[in-house]
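Fair warning: this is a prediction, and the values are worked out from it, not measured in the lab. Position 1 is the first residue of the sequence; numbering continues from there.
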Amino acid sequence: MNQNSNQLLGQPKNQFKIVESVYQQQQQQQQPRQQLSVQQKPIEESHCIRVMSKEIKAVHRMQLWFYGKKQQKLYQKMKKKHRYRKNVIAEIINTERTYVNDLTVICEKVKTSSLSIISPNDVETIFMNCDQILAWNREFLLEMEKGYQKYNLDKKFIPKPYQPVFDGNAKQLKTPDINAFKCYYEYCSKFTKSNKHFEHLKANDQKFKEFLIQLNKNNTLRGMDLGSFLVKPIQRLPKYILLFKDLEKNTDEDYPDLPNIKEIHKYFKEVNEENNKFMDIFMGRLQLQQLSESLKINQEELLNEPNRVFKFEEKLTIIQPNAKSDEDCQVTVYALSDMLVVVHDEKVQKKLKLDSLSFVKNQSDNNKYFSNLFQIVGVGDTIQCIAETPVAKKKYIDQFEKLIQENREHEHEKEKELCKQQIKMRYPVQVVVVGTEERNFQSFTKHTQYITEISINKVFQNIFIRYSEIEAMSSKYKQRYPKIDLPQLPDKNWLMSHKTKSIEARKIAIENFLQALLQAKESQQDPDILNELKLPKNFFDLPDLYQSILKSNLTQKQQNFKRTTLEGKEELREKGINVEKLKISAGEILKAVYIEQETRKKSVVQICPNKVISYENSKDPNLQKVIITFPDGTETALGVTEQTRVREVLEFVAKYNHLIYYKDFRLYLIDQLKKQRVLDDDEVLYKVIEDERQNNHGILNKLEQMLAKSNSEVLIKLKKYIYLPAKLEESDYKEDPVRLINLAFSVLDDVHDQKLQLGFKEYCLFAALYFHMKHQRLDDKLFGEVRRVIPQEMFQSSTDKEWKDLVTQCFKALDNELSQISKKNENDQIQKKPNSQYKHTDKKYLAAGVTLNAARTFVQSSMAIFQVQVYEGTQKFFKNSGLEVHPTIYLGLSIHKIHFLNPQRKEQFREIDYGRVNGVKSYPSQIIFDLQIFKEPIRFDTYQSYEIKSLVEQYQAIQRFDEEYELGHQFNIKH
């Protein structure tokens, strides 16, 4: 090729530089100009200036009004918070006074009087070390009242909200020599014995019985039982935690008393945790009884389960099921060992029963309007919660997961004891919508697919489902199972169906519906449900089946996938990885990365594979016929079931085509309008094809095909998708001629799809290479195939003769060059020169090598490219940085970077290492990158957001693998 063509095939220059200070310099330059222009105004314009001045003042007054309203709201909010804080402090002081008075009654009146009624040993057993507790709490109250006196001045004076109240108490608890509340350990450890002895004397000792009656007559115990007084020290410790936790939550950071409150809260938590070691089920039952009384719940309802105890309480924000999607509600959740009681405004809102199938779902934060979501799934119902921060979300999830796990283990042990034999463990089913994809987004049949992960004890399956399918299932199974409380789905609004907020609300609804349907015992035996969701018939048995496979096939060492370099490589070797090739082979790296991912979480198809065979050899009438097209245009017919996944077909096709490595290839769907999309590994192939055929029926769709001048059938084609550094790729295709041919024809597909920006001569060169690889000859009959390489609009830019003449010239020139290389390689093989075994003599393979080398001169050839619309705010951000960005650009994703390409010739104007990507969020029609080098996230509108996010995460996983196993490929450096 001449000099011009070499320039065209060369790498484009980087034309983009960020100038961070441009905007500030512009502002500084404009200020003196504005001042100068005002001084030079002619007198005739003074009236205009006065008018403008009035308008500016009016706008300023309006701004001040809005600002005042905002400040007023903030003030009211702060005032309300202070008032609540004041009430909490008053409650701490008042309850402490009452508590000390009650302790005084026990020690100085009841205990002293009882010495003449029962023996000293009985007195010591019943009252334990209550005198020691009283002495300490008097000191504690005294310090508390000193601080409160300074805080709560006489009514004539203004209270001092910033005055520390608990400074003296914090100093008390820090004093090394003071035992403080640790004296409660002895009391709590002996309380169960004390209570039993008290009940024994109360039932069998007449004098003691009369003594208790006399106490009531004298109103010494205010009409209560002595047992109610003796339990007060046990109840007081958890009460301290709740009160100081509430106070800490409602105390601002600038309060001088906040460090004291935090210190006291922390102290009581530590004391209570240590104290719990001495307690038994009695305390839990006692707290349960008190909860029943305070909430006016029928005691039989809470106490009928003998092992049910009170565990903890937590304040949460929940989304009410019948409220609007943007409304939430503050509630208190009382956690019992097997039940959650939700209370709002001192009324019980819900009682959620927990069993062995209950769990806490960590919902995706990949939402625009809902964040920090988690869901507690119980028997036939759920609690949808929102946490304030990611840290709080994790804390709540861990807390409730621990509760549910304890209950699950208890239930399992109880069932084993009842059955006296090994019983089958039931596992919870979790449903999470992990993403959405807009299908046919440029067509009349536009719709949203919800990518939904259904998992059962670390065995998962992604399903792709439309909201209309969920609605049909809801209608069907509500009639079939009226006793199952299936949640109501949001009303369907066609105008709002593709809005982000509507889609996110539907995601939650889909999760809740499928969760309830799959968890219910009545529906778990229904094969129709599993069939509609494309799940195997033995879905609920998969965890046990997986465990049996592990026991039979793997050692304990193999089950634990370690991350240390030496041991990790040995584990990879045991799983079939050629560790020595990891530093030179792209295919071996991808194979290892996928094995590592599958070790953490098993796919259903790995445990329960579906049938895939050559259709010619098929005698099963239930198998469906699908046609797979290879990169070189050849086809093969396969027989698949109605549940066969894309990953299973891809694996079969690779083996059928004798591909050694295939993880960098994907199956693409090319519809009647020649639009193509990559198929997800978990999609059901037959369903994909049938859905596409159905979508293209109807008058509107036929009209669309006529306008596009297309009448072709749906095509499933194998194509290159993931790109690794060229040296690693070259190592693989040198050893694998089949791979070489597939890669070369994938390049020609990219040429036809205009992924590479070529001129007339370059198209002729690639067309000539096509004929060398496909036919090893070129004549008039074959020339029509040139359109498989040259796109239609480009072909129409020149005459048939011009194309034919130059393609023929290129073919002949290449033929001479390839013949010479073939002879040289043949001689090298005869002489057994180094690496001569990898040198091809067949011109077909030599042409394939030339094709890859020619494509490599284009940076676009080693990346997946997506067209996106630049979000308006992102355009402004780029403009302020000194760069005008076109509203439509291309994103290129390679192994090492994200590339920003201009829309004219797809030339790169910016690139960013994956190491500088803090996070990627995909919404139904938007993708957001949080980058270290930019102050704010950058946004792009695209209906391929989920695919982009998945590919970025895949490349990041490859880079992590490279770093963790010290392979030294340095993917962040250009190859």
Side-chain angles (χ1 to χ4, degrees), residues 453 455-462 536 542-610 612 645-666 680-682 721-725 728-729 731-733 735-736 738-739 895 950-951 953-969 971:
E453 182 183 281
S455 60
I456 178 167
N457 196 38
K458 296 183 180 179
V459 179
F460 82 100
Q461 181 64 68
N462 282 352
L542 290 178
D544 293 330
L545 181 59
Y546 176 46
Q547 290 301 322
S548 64
I549 292 172
L550 282 180
K551 289 177 182 177
S552 61
N553 295 341
L554 298 177
T555 65
Q556 186 62 34
K557 182 181 178 182
Q558 287 174 305
Q559 292 180 42
N560 299 324
F561 193 87
K562 300 179 182 179
R563 308 295 296 175
T564 57
T565 305
L566 294 176
E567 293 178 335
K569 285 184 178 179
E570 192 59 35
E571 301 256 348
L572 289 175
R573 198 189 306 276
E574 292 174 359
K575 290 178 169 65
I577 297 298
N578 187 337
V579 175
E580 287 70 27
K581 290 186 69 175
L582 283 175
K583 290 194 174 186
I584 60 170
S585 168
E588 206 68 38
I589 291 172
L590 284 175
K591 184 179 174 183
V593 170
Y594 275 85
I595 285 177
E596 181 193 33
Q597 291 172 342
E598 290 165 357
T599 302
R600 296 195 194 102
K601 197 165 60 171
K602 280 289 179 184
S603 170
V604 167
V605 296
Q606 293 176 267
I607 304 168
C608 189
N610 295 291
V612 186
R645 310 281 163 173
V646 167
R647 71 169 63 191
E648 296 173 297
V649 175
L650 180 61
E651 184 176 356
F652 181 87
V653 165
K655 291 179 179 177
Y656 179 86
N657 201 25
H658 304 293
L659 263 174
I660 298 174
Y661 298 117
Y662 64 92
K663 293 294 186 181
D664 54 335
F665 283 86
R666 290 289 187 274
D680 191 278
D681 281 349
D682 290 307
Y721 183 63
I722 295 178
Y723 298 88
L724 267 64
L728 300 178
E729 297 264 13
S731 172
D732 289 337
Y733 66 69
E735 296 181 8
D736 185 358
V738 175
R739 180 177 182 81
I895 179 59
S950 299
L951 187 54
E953 290 173 347
Q954 185 64 58
Y955 279 137
Q956 288 177 323
I958 295 170
Q959 289 197 354
R960 284 195 299 271
F961 181 87
D962 175 70
E963 292 168 4
E964 290 167 8
Y965 286 91
E966 301 175 1
L967 303 181
H969 292 134
F971 288 139

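Take E453 and apply the side chain to side chain contact (heavy atoms under 4.5 Å, CB included) test, not counting sequence neighbours, and it matches V434, S455, F460, N462, K601. Looking at residues two or more places apart in sequence or on another chain, you find no salt bridge (Lys or Arg N to Asp or Glu O under 4.0 Å) involving K663. In terms of the salt bridge (Lys or Arg N to Asp or Glu O under 4.0 Å) criterion, residue partners of R647 (sequence neighbours excluded) are, by chain and number, D682. Every side chain to side chain donor-acceptor pair (under 3.5 Å) that E953 has, sequence neighbours left out, goes to K949. Residues satisfying the salt bridge (Lys or Arg N to Asp or Glu O under 4.0 Å) test with E648, not counting sequence neighbours, are none. In this structure Y656 satisfies the side chain to side chain contact (heavy atoms under 4.5 Å, CB included) test together with F630, T636, F652, sequence neighbours excluded. For Q954, there are no side chain to side chain donor-acceptor pair (under 3.5 Å) partners at least two apart in sequence or on another chain. Taking R645 as the reference, nothing meets the salt bridge (Lys or Arg N to Asp or Glu O under 4.0 Å) condition, with sequence neighbours excluded. Applying the side chain to side chain donor-acceptor pair (under 3.5 Å) rule to Y661 yields the partners K581, E588; only residues at least two apart in sequence or on another chain are considered.
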>> I589 vs D962, test: side-chain contact (heavy atoms from CB on, under 4.5 Å). Steps then yes/no.
In response: CA-CA 8 Å; I589 291 172; D962 175 70; 5.8 Å; no
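Two residues are said to be in side-chain contact when any heavy atoms from C-beta on lie closer than 4.5 Å; L590 and I722 meet this criterion.
Atom OH of Y733 sits about 15.0 Å away from atom CD1 of I660, to the nearest 0.5 Å.
With salt bridges taken as basic N to acidic carboxylate O contacts below 4.0 Å, none links E963 and R960.
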